[in-house]
2 protein chains.
Amino acid sequence: MARYQVGIRTETRILDATRDLLAEGGLEAATLKAICNRAGVQAGSFYNLFASKEQAIMRVARDAIRAVDPDPGRAGTDTIADLVEAYVRFVTDQPELARIYLQIAVSGSNDDSVARRFLRHHVRRVERFADALQRADASMTPSGATQMAEVLLGALDGLAFRWVLDQSFDFAGHAKAAADQCS
Amino acid sequence: MARYQVGIRTETRILDATRDLLAEGGLEAATLKAICNRAGVQAGSFYNLFASKEQAIMRVARDAIRAVDPDPGRAGTDTIADLVEAYVRFVTDQPELARIYLQIAVSGSNDDSVARRFLRHHVRRVERFADALQRADASMTPSGATQMAEVLLGALDGLAFRWVLDQSFDFAGHAKAAADQCS
DNA sequence: TCCAAAATGGAGTGTATACTCAAATTGTCG
DNA sequence: CGACAATTTGAGTATACACTCCATTTTGGA
């Protein structure tokens, strides 16, 4: 029952290929054939390791979602500026991953586990932002901080969306402006 | 070359069918077969009127995008609250269209005219918002108003995105909170 | 060294899709 | 009416796709 090394290597090759294809051409480019070609593998091998194409894509997407979160080790100590900067860096460093993030979230997958996963991460981020807001301004009520965090994160998402459509947009500058409005 | 009435009627039937299908099941539900079935038309008739399926969808999407804009007749007189309310109403009244709006914009379509169209409308809306902001606070510089309008619209887009994923989210309330932060 | 489990190749299946075309039908106008 | 263009039909084409099957090869532990 123990897995062979070669199988594990093949798995990572497939995941790498999937990630690359998603980054280059979005969901539509990530066909089974394209994935197998790029991974240097035949369909049979793919299905020896993954139950479906979607499963491979979800593995990649899950990692992308995780990457949006700033360093979890610093939770409870980071400022709003830190958190915003981490978000901006993720989006600008990995624009295609950011697009995939949006694309999958909005694609109305038959399997809504995707949406739920996104939401879980979103909620966690909101908490982190709200925490930072409250540390900066002790007079803020918890629910007020949460609401403001939702708005700020919404703004970041929306500005990222806009930047994905038009990369000449000054995403970082507007993100900072959004953060400044919360002080 | 003059068009017969019957052809015009068929065209609207096809567009109605397309709109309904998009509203009910998103892009994935709007297959050629489904559109033709619902319109009571054969594939040949469809292609007598439209060059491609995408063309029909774009016609519907274009109208939907237009609908996001509040009454153009009141441009120059409406308040931020008016504009935000119009946005909220569009999203909550037509959730599927809002999803398609996001879906098409982010899909990295082979034809980037879609993205450009979205951007054009976005820029127009930003101007409208910036105008309202400046009317409310004359001390605001034009570029400051534009930046704030971008942030506010970004927040609305982001909050709408969140609402599309989780319709129990209080979109209207947070949208109002975002608007209030701009006063 | 042996062998069962794991991995692989690759042809093949089934299905859904957008789209075409020649022929038949229908609408308009002189 | 009669001619002719606009429209419609519906069977048909081409293609892309995810996925299966299974004989063969490779792996790694006993």
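Order of the sequence lines fixes the chain letters, A, B, ..., with proteins taken first and strands second; residue numbering starts at 1 for each chain.
A sub-4.0 Å separation between OP1 or OP2 of D:dG10 and a side-chain N or O of B:Gln42 is present. Applying the 4.0 Å criterion to OP1 and OP2 of C:dA7, one finds that A:Thr10 has every side-chain N and O outside that range. For the OP1/OP2 pair of D:dC19 and a distance below 4.0 Å, the side-chain nitrogens and oxygens of A:Tyr47 include at least one atom meeting the criterion.
With rounding to whole Å, B:Glu11 atom CD is found 15 Å from D:dA6 atom P. Rounded to an integer number of Å, the gap from A:Leu49 CG to D:dA18 C1' is 17 Å. Across the protein-nucleic acid pair, A:Gln5 atom CD and C:dA7 atom P stand 10 Å apart, rounded to whole Å. Rounded to whole Å, the distance from CD1 on A:Ile35 to C1' on D:dC19 is 13 Å. As a whole-Å value, the separation of B:Phe50 CZ from C:dT20 C1' is 18 Å. Atom C1' of nucleotide D:dA11 and atom NZ of B:Lys33 are separated by 13 Å, given to the nearest angstrom. With rounding to whole Å, B:Glu28 atom CD is found 14 Å from C:dA16 atom C1'. Between B:Asn37 atom CG and D:dT9 atom C1' the separation is 14 Å, expressed in whole Å.
Between B:Phe46 and B:Tyr4, the residue anchored nearer the 5' end of DNA chain C, judged by the nucleotide with its closest heavy atom, is B:Phe46. Mapping B:Gly44 and B:Arg9 onto DNA chain C by nearest heavy atom places B:Gly44 closer to the 5' end of the strand. In this structure, B:Ile8 and B:Ala43 both approach DNA chain D, and ranking their closest nucleotides by distance from the 5' end singles out B:Ile8.
B:Leu119 has its side chain within reach of A:Arg162: a pair of non-hydrogen atoms, C-beta onward, lies under 4.5 Å apart.
Shown are B:Leu15, B:Leu21, B:Leu27; of these, the side-chain contact (heavy atoms from CB on, under 4.5 Å) with B:Ile57 is made only by B:Leu27.
The distance from atom CD of A:Gln181 to atom CD of B:Gln147, rounded to the nearest 0.5 Å, is 8.5 Å.
Of the candidates C:dC19, D:dT8, D:dC19, D:dC19 carries the atom nearest the A:Ser52 side chain, counting heavy atoms from C-beta on. When distances run from any side-chain atom of A:Val6 to the nucleotides D:dT7, C:dT8, C:dC19, the shortest one goes to C:dT8. When the nucleotides D:dT9, C:dA18, D:dG28 are ranked by their closest atom to the side chain of B:Lys53, C:dA18 comes out on top. The listed nucleotides are D:dT9, C:dC19, D:dA18; the one nearest the side chain of B:Ser45 is D:dT9.
At a threshold of 4.0 Å, the pair A:Arg128-A:Asp131 does not count as salt-bridged, since none of the basic side-chain nitrogens sits closer than that to a carboxylate oxygen. Salt bridge absent: B:Asp63 and B:Arg59 never bring a charged side-chain N and a carboxylate O closer than 4.0 Å.
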